[in-house]
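Being a predicted model, the structure only gives us computed values, none of them experimental. In each ligand, atom 1 is the first atom listed, and ligand 1 is the first ligand listed. Quick note: numbers below take in every heavy atom, side chains included, and nothing from hydrogens, waters or symmetry partners.
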Amino acid sequence: MSSCLEAEHSPIFVNGPIVVGAGPSGLSVAACLSNRGVPSVILERTDCLASLWQKRTYDRLKLHLPKHYCELPLMEFPKNFPRYPSKQQFITYIECYAARFNIKPVFNQTVEKAKFDVVSGLWKVKTQDCVYTSKWLVVATGENAEPVVPDIPGLKNFYGPVVHTSAYKSGSEFANRKVLVVGCGNSGMEVCLDLCRYNALPHMVVRNSLHVLPRDVFGLSSFGIAMTLLKWFPLKLVDNFLLLLANSSLGNTDRLGIRRPKTGPIELKNATGKTPVLDVGAISLIQSGQIRVTVKAITKKGAKFVDGQEMEFDSIILATGYKSNVPDWLEENGFFTKEGMPKTPFPNGWKGENGLYTVGFTRRGLLGTVFDAVKIAEDITDQWMKSEGPLSASNICSSWGTPSPCIVHFHFNKS
Ligand SMILES: Cc1cc2nc3c(=O)[nH]c(=O)nc-3n(C[C@H](O)[C@H](O)[C@H](O)COP(=O)(O)OP(=O)(O)OC[C@H]3O[C@@H](n4cnc5c(N)ncnc54)[C@H](O)[C@@H]3O)c2cc1C
Ligand SMILES: NC(=O)C1=CN([C@@H]2O[C@H](COP(=O)(O)OP(=O)(O)OC[C@H]3O[C@@H](n4cnc5c(N)ncnc54)[C@H](OP(=O)(O)O)[C@@H]3O)[C@@H](O)[C@H]2O)C=CC1
Ligand SMILES: O=C(O)C(=O)Cc1c[nH]c2ccccc12
């Protein structure tokens, strides 16, 4: 970023939106804009695209919804990809996607602060190196920006390694080890399964009720079945049907220490964002006793079970989920909750005031991302055409590869 260093103290004006984050959401917005001839700049804190997928997920990860539901706008997955692409295939797809739309994010730029400047009518976005300004700010930092590391009593005194799932790659280092896995969302379940495949001995902490559904039934994906049925039937009926399928294929999970919530799986996902576990084999290992369930408290060397029994563990894996980091860097007036999620529920949470947009905060996975990205690109394009218009190529500072980014400097009065 030599241009940034040269431009010390003078903001870099972006003739199009500034997008924060080069994950699937940021790339989707940039692609939809590029398709409409609108430039944008993506600022990304890491040195790669889709860093969640490249750096913070385990080796065995596959998409758990059929690929059709995980496609970004304007580009399908290759025909030869399986129904559930692997993490590496998804990353390849993302790289091809960026190349196809000629998107070149500015890497190693952590957005530390962003604020709307009323005087200039522009967003000022500060990274460790530069200040960027634009009429539009697109927040694409994701629902999974930071790991949740709960303050569990006893955890600090535990003598062995404690790893969050975002740093877990495979069970290869855990062979013959007793591992306590805290949390039983999709990460906890899949890590337990992976640990078993490497001959480790996982014990899983289940705190609350949760839904587990088979990923596939009769060769069809449960999610696909639900999406199809929802076109004709009410949500509650579809949820009941999913539970019927789940009980007949997995049995009664209550008996395994996994209680079902009263609200159905899709209704709960829509209302709270809590994703049902889509089972890819962990339940049968719980049934056979290879994965053990529930614990009460963590002690210095192990954990105390609800029945009073104590057990020693070699390692702890925190499968305790993720959180948004928006409150750490965005200064705004009440569009986001203190947890960093838009207050306005889906489908209307994509647009704030003064040119603020959010993509990928719908708790609906990549389907939600596509919905937001298309809306945002339409909305910004309309404004851009009216007010900005395509400037000559030499004035454009953008994440497009060609013409090579060139920067327009504006000086602002310090407010
Ligand atoms: C293990 C796992 C598996 C999943 N599988 C699926 C699936 O199969 N199907 C599905 O639909 N969804 C799935 N999801 C949901 C997931 O959220 C989406 O797949 C997708 O990654 C969301 O994209 P995003 O761009 O919104 O967020 P992210 O992929 O998290 O990308 C956000 C980007 O913003 C960057 N960033 C964050 N803060 C800053 C900052 N301050 N400055 C600059 N850059 C910043 C990050 O480095 C990151 O590159 C999965 C999630 C996880 C954790
Ligand atoms: N193959 C795939 O595509 C995969 C997709 N994913 C997705 O990634 C996202 C994140 O999933 P995941 O990482 O599993 O996170 P989740 O937020 O879904 O689950 C977190 C789990 O940790 C538990 N937990 C949190 N704090 C504590 C605590 N203090 N003590 C005990 N338990 C605790 C929660 O319990 P409680 O419910 O009681 O709060 C919950 O069971 C989801 O959307 C998921 O679907 C994840 C893995 C694989
Ligand atoms: O993988 C995830 O976490 C997702 O959010 C994908 C998703 C969107 N809607 C759902 C409903 C049931 C299971 C997963 C999802």
Side-chain angles (χ1 to χ4, degrees), residues 19-29 42-46 48-58 60-67 69-70 72 84-85 87 90 94 105-114 125 127 139-152 155 164-166 181-191 204-211 213 215 222-223 226-227 242 261 265-266 268-270 273-278 280 295 298 318-326 328-330 358-370 372:
V19 180
V20 187
S25 296
L27 295 172
S28 296
V29 171
I42 304 186
L43 304 174
E44 166 58 47
R45 66 180 169 183
T46 69
C48 66
L49 303 171
S51 70
L52 175 69
W53 289 82
Q54 303 231 39
K55 293 186 193 278
R56 292 187 286 134
T57 50
Y58 45 92
R60 206 188 283 275
L61 176 66
K62 288 182 177 167
L63 294 180
H64 71 170
L65 304 185
K67 61 178 180 178
Y69 297 106
C70 297
L72 303 187
Y84 299 105
K87 150 175 150 169
F90 186 64
I94 289 285
V106 190
F107 290 116
N108 302 309
Q109 292 297 301
T110 301
V111 172
E112 295 170 344
K113 189 174 165 179
V125 180
T127 70
V139 178
T141 44
E143 297 163 345
N144 302 311
E146 312 294 336
V148 168
V149 179
D151 191 11
I152 301 173
L155 191 64
H164 187 269
T165 45
S166 55
V181 177
V182 183
C184 57
N186 279 296
S187 297
M189 287 282 188
E190 292 196 7
V191 161
M204 188 169 59
V205 179
V206 181
R207 182 172 64 168
N208 280 315
S209 58
L210 74 141
H211 282 295
L213 304 174
R215 188 189 63 180
S222 316
F223 185 81
M227 289 298 115
L242 284 178
I266 304 289
L268 192 69
K269 172 77 178 156
N270 290 348
K274 187 163 168 138
T275 316
V277 167
L278 292 175
V280 287
V295 78
I298 293 172
L318 298 175
T320 43
Y322 298 84
K323 61 183 179 195
S324 161
N325 66 10
V326 173
D328 299 343
W329 58 268
L330 180 64
T358 75
V359 52
F361 292 86
T362 66
R363 296 212 177 273
R364 279 162 177 78
L366 295 161
L367 276 175
T369 282
V370 174
D372 288 343

Item checked: More than 12 heavy atoms from other groups under 6.0 Å of NZ on K62 -> no
Note to self: Using a 3.5 Å cut-off on N or O atoms only, is E143 in polar contact with ligand 1?
What the structure shows: no
Next item on the list: Would you mind finding which of R207, R60, H164 brings a heavy atom closest to atom 36 (P) of ligand 2?
Entry: R207
Margin query: If you measure every N or O of H64 against every N or O of ligand 3, does any of those distances drop under 3.5 Å?
Written below: yes
Next item on the list: State which residues pass side-chain contact (heavy atoms from CB on, under 4.5 Å) with T358; sequence neighbours excluded, sorted by chain then number.
Entry: V139, F335, F336, P342, F361
Margin query: Could you work out, for atom 15 (C) of ligand 1, the closest of L61, N144, T127 by heavy-atom distance?
Written below: N144
Margin query: Tell me the contacting part of K269 for ligand 3: side chain, backbone, both, or neither, using a 4.0 Å heavy-atom threshold, strictly below.
Written below: side chain
Note to self: S187: which residues meet the side-chain contact (heavy atoms from CB on, under 4.5 Å) condition with it, sequence neighbours left out?
What the structure shows: T165, A319
Check: Please state which protein non-hydrogen atom is closest to atom 50 (C) of ligand 1 and give its distance, to 0.1 Å?
Finding: W53 CZ2, 4.1 Å
Next item on the list: Report yes if N186 has an N/O atom closer than 3.5 Å to an N/O atom of ligand 2; otherwise report no.
Entry: yes
Notebook entry, point to check: Taking heavy atoms and a distance under 4.0 Å, where does T57 meet ligand 1: side chain, backbone, both or neither?
Noted result: side chain
Notebook entry, point to check: Can you tell me if S187 has a non-hydrogen atom under 4.0 Å from ligand 1?
Noted result: no
Next item on the list: Answer yes or no for Y69: is there a heavy-atom contact with ligand 1 below 4.0 Å?
Entry: no
Note to self: Tell me whether ligand 3 is touched by L367 - counting only heavy atoms on the residue side and a distance under 4.0 Å.
What the structure shows: no
Notebook entry, point to check: To the nearest 0.1 Å, how far is atom 22 (O) of ligand 2 from its closest protein heavy atom, and which atom is that?
Noted result: A319 O, 3.2 Å
Check: By number and element, which atoms of ligand 2 are closer than 4.0 Å to a non-hydrogen atom of Y58?
Finding: 47 (C), 48 (C)
Next item on the list: Give a yes/no on ligand 1: does E112 have at least one heavy atom closer than 4.0 angstrom to it?
Entry: no
Notebook entry, point to check: Can you find an N/O atom of T275 closer than 3.5 Å to an N/O atom of ligand 2?
Noted result: yes
Next item on the list: Run down the list G185, S187, S166 and name the one with the heavy atom closest to atom 11 (O) of ligand 2.
Entry: S187
Next item on the list: Kindly confirm or rule out an N or O of N208 lying under 3.5 angstrom from an N or O of ligand 2.
Entry: yes
Next item on the list: Starting from atom 47 (O) of ligand 1, find the nearest protein heavy-atom neighbour and note its residue, name and distance.
Entry: E44 OE2, 2.7 Å
Notebook entry, point to check: Any nitrogen or oxygen of V20, main chain or side chain, under 3.5 Å from a nitrogen or oxygen of ligand 1?
Noted result: no
Check: Taking N or O atoms only and a 3.5 Å limit, does K269 qualify as a polar contact for ligand 2?
Finding: no
